[in-house]
Engineer: 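Before anything else, here's the structure in question.
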Number of protein chains: 2
Amino acid sequence: MKILSNGSAYGLRALLYLAAKGDTREFVSIGEISEQLDISFHFLTKVLQSLSQKDILVSYRGPNGGVALARAPETIRLSEVVLILEGEDYFEKCLLGLPGCGDQAPCPMHYRWKHWKASIRSEFESTTLADLKEPELLKHLRWAT
Amino acid sequence: MKILSNGSAYGLRALLYLAAKGDTREFVSIGEISEQLDISFHFLTKVLQSLSQKDILVSYRGPNGGVALARAPETIRLSEVVLILEGEDYFEKCLLGLPGCGDQAPCPMHYRWKHWKASIRSEFESTTLADLKEPELLKHLRWAT
DNA sequence: TTGTTTTAAGATTTAATAGTCTGAAAACTG
DNA sequence: CAGTTTTCAGACTATTAAATCTTAAAACAA
């Protein structure tokens, strides 16, 4: 059950890395993040770029440059990040992929699916980066030492 | 939020079509299903073949041949179908895509995700084709008339 | 100013998914 | 038997997602 694309997962991991790293508002280079989390540098750059364009990150070029959270971790909700990276219709899609499915013309799975989707959505909306910040982060944001 | 591949969605729709079509144990041609549900014939053939190899469908060649449910709709659970079409590890994957994530080395989302996954899984396990059988099926298994 | 470090932008390549096509093999029909 | 209808098996093509590469632009440092 893959509900996030690689890009979204990478983006979330990078944000959690930043959130956990510290309250020091210093820029962290994408090189460091990609190395620590073992994510392709160029691909991660692209993902983080789209977060920089949307008030999730701020970026700065040159030596000692990098990216930093644009706002306090308490105010960055998972839902916001996912909608940016996966598209605004992320929570709208029919389980069976039927474009016309909805309350008017529900597919056989519609109401059940609607229910699960809503519960995941509300979790994503009520969970912020701060809620997931943890001390042992590095150990848990990559798959090997 | 696309949690099923196109192939799985097509397979489920075809099964629901068969289930709703009738308790008459007649073979229904894949041509009819693909036409009624507006799914590529050849692609659907491939999907249904893998269900025929796994005791979900039985198939028969020649005139008046086709496919039919191998068992009563009450006994065919969504989870079974999805595991066949998406792979046995469908309910095992980490939200952030980390291969080593688990109770021993949980990623920041692990326990939340584990919880949601379990609830969807149990719904898939307790829902059978019979539960989803509905009279107005055709209207709701395709997106246009 | 020249060189280094960093993000930005976008072209290109690779891999995975989705979909198409062709030629069988099985079962029926006359 | 010859011809038709169907599934079966696998090669092939197309589309999208994922990853890489290249060149630029911004910021700093000597």
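What you see below is based on every heavy atom in this structure, not just the backbone, and it leaves out hydrogens, waters and symmetry mates. Lettering follows sequence order; numbering is per chain, from 1. None of the values given here were measured: they were computed from a predicted structure.
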Engineer: Does any part of the side chain of A/Trp113, heavy atoms only, come nearer than 4.5 Å to the side chain of B/Ile3, both counted from C-beta?
Structural biologist: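 They are in contact (side-chain heavy atoms under 4.5 Å apart), so the answer is yes.
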
Engineer: What is the distance, to the nearest angstrom, from the CG atom on B/Leu51 to the C1' atom on D/dT7?
Structural biologist: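 Those two atoms, CG and C1', are 14 Å apart.
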
Engineer: Taking only N and O in the side chain of A/Ser29, is any of them less than 4.0 Å away from OP1 or OP2 of C/dT5?
Structural biologist: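 It does not, given that no N or O in the side chain of A/Ser29 lies less than 4.0 Å from OP1 or OP2 of C/dT5.
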
Engineer: Does a side-chain N or O from A/Gln53 land closer than 4.0 Å to OP1 or OP2 of C/dT7, or not?
Structural biologist: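 Negative; the distance criterion is not met.
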
Engineer: Rounded to the nearest angstrom, tell me the gap between atom CD in A/Glu26 and atom C1' in C/dT6.
Structural biologist: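 Distance, rounded to whole Å: 16 Å.
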
Engineer: Output all residues satisfying side chain to side chain contact (heavy atoms under 4.5 Å, CB included) with A/Thr127, sequence neighbours left out; order by chain, then residue number.
Structural biologist: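 In terms of side chain to side chain contact (heavy atoms under 4.5 Å, CB included), with neighbours along the sequence ignored, A/Thr127 is linked to A/Leu78, A/Glu123, A/Asp131, A/Leu132, B/Arg112.
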
Engineer: Within this structure, what is the CD-to-P distance between A/Glu86 and D/dT16, rounded to whole angstrom?
Structural biologist: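 Interatomic distance, CD of A/Glu86 to P of D/dT16: 16 Å.
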
Engineer: Look for any protein N or O under 3.5 Å of an N or O in nucleotides 27-30 of chain C and output each such pair with its distance, or none.
Structural biologist:
from: C/dA27; atom 1: O3'; to: B/Tyr60; atom 2: OH; distance (Å): 3.1
from: C/dC28; atom 1: OP1; to: B/Tyr60; atom 2: OH; distance (Å): 3.0

Engineer: Quick one: on DNA chain D, does B/Ser59 or A/Tyr10 contact a more 5' nucleotide (nearest heavy atom)?
Structural biologist: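 So the residue in question is B/Ser59.
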
Engineer: Report the distance from atom CG of A/Leu57 to atom C1' of C/dA8, rounded to the nearest whole Å.
Structural biologist: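 Result: 14 Å.
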
Engineer: Go along nucleotides 10-17 of chain C 5' to 3' and tag each nucleotide: B for a protein heavy atom under 4.0 Å from its base, S when only backbone or sugar atoms are that close, - otherwise.
Structural biologist: -B------

Engineer: Side chains of A/Asp103 and A/Lys114: does their closest heavy-atom pair fall under 4.5 Å?
Structural biologist: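 A/Asp103 reaches A/Lys114 side chain to side chain.
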
Engineer: Give the rounded distance in Å between these two atoms: CD1 of A/Ile39 and C1' of D/dT20.
Structural biologist: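 After rounding, the reported distance stands at 15 Å.
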
Engineer: In whole Å, I'd like the distance from the CD atom of B/Gln49 to the C1' atom of C/dA25.
Structural biologist: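 It works out to 12 Å between those atoms.
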
Engineer: Are any of the side-chain heavy atoms of B/Ile120 and A/Ile120 separated by less than 4.5 Å?
Structural biologist: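 The answer is yes; the side chains approach within 4.5 Å.
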
Engineer: What nucleic acid atoms does A/Leu48 come within less than 4.0 Å of, heavy atoms only: base, sugar-phosphate, or nothing?
Structural biologist: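 Since no nucleic acid heavy atom lies under 4.0 Å of A/Leu48, the category is nothing.
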
Engineer: Heavy-atom nearest nucleotide on DNA chain C for A/Val67 versus B/Leu44: which residue maps closer to 5'?
Structural biologist: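 Taking each residue's closest nucleotide, the earlier one in sequence belongs to A/Val67.
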
Engineer: Could you measure the distance from the NZ atom of B/Lys21 to the CD atom of B/Glu32? Nearest 0.5 Å is fine.
Structural biologist: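 Between atom NZ of B/Lys21 and atom CD of B/Glu32 there are 3.0 Å.
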
Engineer: Do you know the tightest heavy-atom contact between B/Cys107 and B/Cys101?
Structural biologist: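 The pair with the smallest heavy-atom distance is N-SG, 3.5 Å.
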
Engineer: Are B/Leu18 and B/Phe41 connected in the hydrophobic side-chain network, where two residues link if heavy atoms are under 4.5 Å apart?
Structural biologist: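 Yes, B/Leu18 connects to B/Phe41 through the hydrophobic network.
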
Engineer: How would you label the contact of A/Glu32 with the nucleic acid (heavy atoms, under 4.0 Å): base, sugar-phosphate, or nothing?
Structural biologist: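 The answer is nothing, as A/Glu32 stays clear of every strand by at least 4.0 Å.
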
Engineer: Between the side chains of B/Ser8 and B/Ser5, does any donor sit under 3.5 Å from an acceptor?
Structural biologist: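 A donor-acceptor contact under 3.5 Å links the two side chains.
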
Engineer: In whole angstrom, give the distance that lies between atom CZ of A/Phe41 and atom C1' of C/dA9.
Structural biologist: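 Taking atom C1' of C/dA9 as the reference, CZ of A/Phe41 is at 13 Å.
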
Engineer: Tell me, do A/Ile56 and A/Arg71 make a side-chain contact under 4.5 Å, heavy atoms counted?
Structural biologist: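 Yes, close enough: below the 4.5 Å cut-off.
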
